[in-house]
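What follows is a set of notes on a single structure, which appears directly below.
Residue numbering restarts at 1 for every chain, and letters A, B, ... go by the order of the sequence lines. Keep in mind that the numbers below use all heavy atoms, side chains included, and drop hydrogens, waters and symmetry copies.
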There are 2 protein chains.
Amino acid sequence: MTVTSLHDPSHREALWELEAAFDRGDLVSVFGRCTVSYEGRAASDLGTGDRLLLLKPDGAALVHTDEGRQPVNWQPPGSEHRAAVREGRLRVVSTRTTPDETLTVRFSDVHELSAMPVTGGRDLAIHGTEEDLRTRILERPDLIESGFEPRETERPSSAGPMDVFGVDADGNPVVVELKRRRVGPDAVGQLARYVRALREELGVDEERDDPLDSDGDDAAADAAEIDGDDTAADADAIDLEVRGVLVAPSITDRAAERLADRGFDHVALEPAPEE
Amino acid sequence: MTVTSLHDPSHREALWELEAAFDRGDLVSVFGRCTVSYEGRAASDLGTGDRLLLLKPDGAALVHTDEGRQPVNWQPPGSEHRAAVREGRLRVVSTRTTPDETLTVRFSDVHELSAMPVTGGRDLAIHGTEEDLRTRILERPDLIESGFEPRETERPSSAGPMDVFGVDADGNPVVVELKRRRVGPDAVGQLARYVRALREELGVDEERDDPLDSDGDDAAADAAEIDGDDTAADADAIDLEVRGVLVAPSITDRAAERLADRGFDHVALEPAPEE
DNA sequence: TGGTTCATCTCGAGG
DNA sequence: CCTCGAGGTGAACCA
């Protein structure tokens, strides 16, 4: 474990160490007084100030100030770092293509430069994700509703893959959209696209009336069908209906409105059982 | 400008310097062998490895490996950092509330610890944003279409503020949604919500048929009206129609389909004139 | 490569 | 505080 660190190096010294560190594949941190400019998907300029520049061996570059989780400027992994001394300043340039982007950091003073060999240990085990939520539902489908049977996950459709596809107790197709946390109206739109795609695919025309303008009376009909015994299922067998279920811990008021408009249901569920 | 740097400090030395740096409001970087665990909105664990921990005076904490633009673990600004020596390890804990989240980094070895006073220079001037796109359109409304007149920006609606609201040459209300880069179907959904909200607000029932199911014949009618001379505008004056225009450099095929379904238009435009 | 969606998204504005 | 939408979103996955 060899950490190289230079205090107030000259630009020449800093340049040497930078290039040596690039060759070693070290993670480099440069702290100093600098300006930053970016040109690519957008363009930006940042005036003089003391900032920390991180240069990763995978090509990522991060400029951090004293505030914020996000770097004030950056370059994505896959970029190429180069350094030079120009006009009395240490210039670090990070470039990449597709899209063409360039980040330029010009140091008038380097206060400290460190090179660190960062090895392994990148395997992060994370829990409480949307995937956990899906697993939970597949193991206990009754959490959606009594009689629900999952049939497929990531089922393809013309609107993209739906999270969970299944059937309810009456045999109606059910599209389930999963969200690991509280959601807004966008999630309802997403669910609606899947339902719509499936209706088209199955040839369910929903008697041509507007699913957007439906006031929930379809949902009421569903409830009646579910509550009623299946002996009543005479002509309904052909006239099946595609239902939409949004699973999320909670939803915003606007999302609830849109859900009701579409005649969809909300099931309150967390990615993991509450402790 | 006083940068403090410790090479292979003892845990006690590191602890002292950490707390002094917290008091000074310095940006602290700790490079060493550690494990990381997080518990909050989700939960995660990261095994032993050499990583760089950044602790910002605003409460942000970042754990970086040798790869990726993103920190492998982090804590947002507003958190509180604390350090202690426990069980022969240097333990750094960063906590915050709403939501309750805790990041714990346990160092078995500290290879290097630096404390840096990062001052000012956070004002980033960025160009090529959606705001630039709006400015460009307000200065040259004909870029949308001939005869377009912007009336309001950020016009409120029940679906949220629409980017630009105006009228076309025939007096039809036009909702313009701006995107600074290539967009997918979600943007069409957003535009549709604004148009729908405006139709409801203006009492334009669109003869009760489904805007989702419209196959673009409305758009054809529009074109006829625009192309035709206005002498033909007899009964149309009362029956005005709310139009939707999506402004973006380009759109995906699926987005184009959804645009056509709704009878909306796409205008190809960049945030800034191409050089 | 592009298309689509998730994310401990982050961040800022507005009610 | 919540809600909403932008972002140089980033990152994963799949066709």
- Using a strict cut-off of less than 4.0 Å between a Lys/Arg side-chain nitrogen and an Asp/Glu carboxylate oxygen, indicate whether A:R96 and A:E101 qualify as a salt bridge.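 Salt bridge flag = yes for A:E101 with A:R96.
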- Message: Go nucleotide by nucleotide along DNA chain C from the 5' end; which of B:D186 and B:W74 gets its closest nucleotide reached first?
- Response: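 Here B:D186 is the residue nearer the 5' end.
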- Task: Between A:L124 and B:D253, just flag the one whose closest nucleotide in DNA chain C comes earlier from the 5' side.
- Result: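 Of the two residues, B:D253 wins.
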Just checking [X]: base, sugar-phosphate only, or nothing, at a heavy-atom cut-off of under 4.0 Å?
X	value
A:T98	sugar-phosphate
B:P99	nothing
A:E154	nothing

- Message: When the P atoms of C:dT5 and D:dG8 are compared, how many Å lie between them, rounded to an integer?
- Response: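 Roughly 22 Å separates the two P atoms.
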- Task: Answer yes or no: are there more than 12 heavy-atom neighbours, outside B:E201 itself, under 6.0 Å from its atom CD?
- Result: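 Counting neighbours around CD of B:E201, more than 12 heavy atoms of other residues, nucleotides or ligands fall under 6.0 Å, so yes.
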Considering just the side-chain nitrogens and oxygens of [X], establish if one lies under 4.0 Å of OP1 or OP2 belonging to [N].
X	N	result
A:Y194	C:dT4	no
A:T252	D:dC4	yes
A:R182	C:dA7	no
A:Q75	D:dG8	no

- Nearest-nucleotide 5' precedence on DNA chain D, B:G128 against A:P77: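 Its nearest nucleotide lies further toward 5', so the answer is B:G128.
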- Is D:dG8 paired to anything, Watson-Crick or G-U wobble with both distances less than 3.5 Å, and if yes, which nucleotide?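 Answer to the pairing question: none, since D:dG8 forms no Watson-Crick or G-U pair.
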- Please step through side chain to side chain donor-acceptor pair (under 3.5 Å) for the pair A:S250 and A:R182, ending with a clear verdict. CA-CA 5 Å; A:S250 65; A:R182 182 175 179 85; 3.0 Å; yes
- Looking only at N and O atoms, is any donor in the side chain of A:E39 or the base of D:dG8 less than 3.5 Å from an acceptor on the other one?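 Not at all, since no donor on one side and acceptor on the other fall under 3.5 Å apart.
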- Distance-only donor-acceptor test (3.5 Å): side chain B:Q70, base D:dG10: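 Between D:dG10 and B:Q70, which were checked side chain against base, a qualifying N/O pair under 3.5 Å is absent.
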- Task: Could you check A:E80 against A:R82 for salt bridge (charged side-chain N to carboxylate O under 4.0 Å, His left out), going step by step and ending with a plain yes or no?
- Result: CA-CA 7 Å; A:E80 189 178 347; A:R82 278 166 301 162; 5.0 Å; no
